[in-house]
Amino acid sequence: MNVARYWRTEKTRYGLVGETCRVCGKPIFPPRDLCPHCTEAGQDLRTFGGRGEVYSFAHVTDAPAGYTEYQPYTVALIKLEEGPLLTAQLTDVDQSDVRIGMPVEMVTRKLKEEGENGMVVYGYKFRPVMHE
Amino acid sequence: MRKVAIVGVGMIPFGRYESESLVEMLAMPALRAMDDAGIGDRAVDALYVGNMAAGMFNHQSAVASALADYLALLPAAADTIENGPASGGSAIKNGLLAVASGYYDLVLVVGGEKMRDVIGPRATDTVATMTHPTAEYIYGVTLPSLAGMFTRLYMEKYGVTERHLAQVAIKNHNNGLLNPYAHIHASITQEGILDSPHSVVNSPIVSDPLRLYDCCPVSDGAAALLLCPAEMVAEFKKPKVVIAGFGQATDTQTVQEREDPTDLKAVRLAAQQAFAMAKQTPRDVDLAELHDAFTILEIAESEHAGFFKKGEGARALEEGRTRIGGDLPINPSGGLKARGHALGGTGVAQVAELVWHLRGEAGQRQVKGAEVGFSLNFGGFGNNVTAFVLRREA
């Protein structure tokens, strides 16, 4: 990802900033030009709370270039409390403890380094809820 | 619209081609398809080449122009068609529409990919570029991980087990043993890939719950078809096989945006359209080539395409109904699992397989008396799907 685009999408990656459709009122994540639910244009920015549960998951032991040093890692679909699903890695959890329905919360972590002198990409990951 | 027939078919064995270039690989099945039809000195009007990622795998672009020249088809029209792993299906669709419309008479469709120039994590990365760049890709998502999450949901919802998945792999490997074009000629057993203590070595976890033998190989491979209007078939030497139906549908780019991620909407819609156009139903189908890039997909697609009710695909498999000799053989070629998956080559190879069965030319794996065949080419993780119904006609 180039640096300008990296910063432009920073709020989504660091703060779970998505949108609410002004026409149908449904939540949208990540932000986009047209509402995928009603196809109308016009959204308001909205920050999602970062709480949710594991909807499904897979443990990756055959990572793509750029991610091999982090494997094994767990990719999950997270169902946010506000409704939308998103795709993220789990962190701070033993793989054998991951379950569908497990409550999780968002944290900001390093996703990868793009080569030795390249950009370090940060973004959201989810960990088991530490405290209620 | 004119009815369109397939009068020539060609393929090269899927596997690894070290010394041939991509264009040489694509040319071989193309020449075979023209020979198969007995094209004589007729001119090909247009060439459509299904290829997903020559730019990344082989550092080459404008593949169709190169192939048209290499095959001495100039000045035929030529286009490269890219639709991810369904590039082959989309290339056939373009050929179909061109002939059906009356614009061209003789169209060559070639699909192929030379993936193995790039190996290991770089190949996994190249394939992962079809995911959403900022919503999936940067989180280290791979196609096997999307399939792994899908598998887990399907297991929870429909009671599909690891044993069912292994049965898909075993069946398709057995079929592959009968197919000289298959990438993998190896018999596997449930003991070896699932039950024995050595199974973790034989079939290691790739993306838990998926093991190695739940995933298709990374293949070099290519296939070709020669299309013409049905009324011209008599000019060629092969029996009449027509493209009776075609369908294509898209779904959300990401899996996360689907209301029910276990519902393969694009598969359902593409299959429905293809059956409607062909005026046939899933019950009429004698064999199907489905897109088993992962074992779960054969089961899920067999349901979504309408052959079995949702949740009943695994039982049909268990009962042997989808074996050669069953009432609906699925992937007699060995499927992506054993014939191999060469991205842009796959959709064309599926249709070539159907043609051989409908002509009675499929050798040891022949589905006896086949008259209607169905193929399904699955792009992305189900976000762009093509389906064909083929029929033998008098």
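Quick note on labels: first sequence line is chain A, next is B, and so on, each numbered from 1. Treat the numbers as computed from the prediction; the structure is a model and nothing was measured.
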Give a yes or no on whether the backbone of Pro64(A) and the side-chain of Thr124(B) come within a donor-acceptor separation of less than 3.5 Å.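 Here the side-chain-to-backbone pair does not exist.
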
Residue [X] versus chain B: region with a heavy atom under 4.5 Å:
X: Pro36(A); answer: side chain
X: Arg32(A); answer: side chain
X: Ile28(A); answer: neither
X: Leu111(A); answer: side chain

Non-hydrogen atoms of [X] and [Y] that approach each other most closely:
X: Ala135(B); Y: Thr87(A); value: O-CB, 3.6 Å
X: Pro30(A); Y: Gln256(B); value: CD-NE2, 3.7 Å
X: Pro133(B); Y: Arg5(A); value: CB-NH2, 3.7 Å
X: Val60(A); Y: Ser207(B); value: CG2-OG, 4.1 Å

First locate atom [atom1] of [X], then atom [atom2] of [Y], and finally report the distance between them rounded to the nearest 0.5 Å.
X: Leu210(B); Y: His59(A); atom1: CG; atom2: NE2; result: 12.0 Å
X: Arg152(B); Y: Phe57(A); atom1: CZ; atom2: CZ; result: 3.5 Å
X: Glu156(B); Y: Tyr55(A); atom1: CD; atom2: OH; result: 10.0 Å

Highest number of heavy-atom pairs under 4.5 Å with chain B: which of [options]?
options: Val121(A), Ile100(A), Thr68(A); answer: Ile100(A)
options: Leu86(A), Thr9(A), Ile78(A); answer: Leu86(A)
options: Gly123(A), Ala88(A), Ala63(A); answer: Ala63(A)

Would you say that more than 12 heavy atoms from the other residues, nucleotides or ligands in this model lie under 6.0 Å from the [atom1] of [X], or not?
X: Asp44(A); atom1: CG; result: yes
X: Arg46(A); atom1: CZ; result: yes
X: Tyr122(A); atom1: OH; result: no

Let's test your reading of the structure: which of Pro144(B), Pro204(B), Pro209(B), Pro261(B) forms the most heavy-atom pairs below 4.5 Å with chain A? Pro261(B)

Measuring only between side-chain heavy atoms, which start at C-beta, is Arg258(B) closer than 4.5 Å to Leu85(A)? no

Would you mind reporting whether Thr12(A) and Thr134(B) have side-chain heavy atoms less than 4.5 Å apart? no

Option passing side-chain contact (heavy atoms from CB on, under 4.5 Å) with Asp62(A) (candidates Leu212(B), Val206(B), Thr142(B), Ile205(B)):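 Answer after filtering Leu212(B), Val206(B), Thr142(B), Ile205(B): Val206(B).
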
ring-ring contact (aromatic ring centres under 6.0 Å, His included) partner of Tyr139(B), the single match among Tyr73(A), Tyr67(A), Phe126(A), Tyr124(A):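 Only one of Tyr73(A), Tyr67(A), Phe126(A), Tyr124(A) forms a ring-ring contact (aromatic ring centres under 6.0 Å, His included) with Tyr139(B), namely Tyr124(A).
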
Criterion side chain to side chain contact (heavy atoms under 4.5 Å, CB included) on Gln95(A) and Asp208(B), from CA distance to verdict: CA-CA 10 Å; Gln95(A) 287 198 341; Asp208(B) 187 31; over 6 Å; no

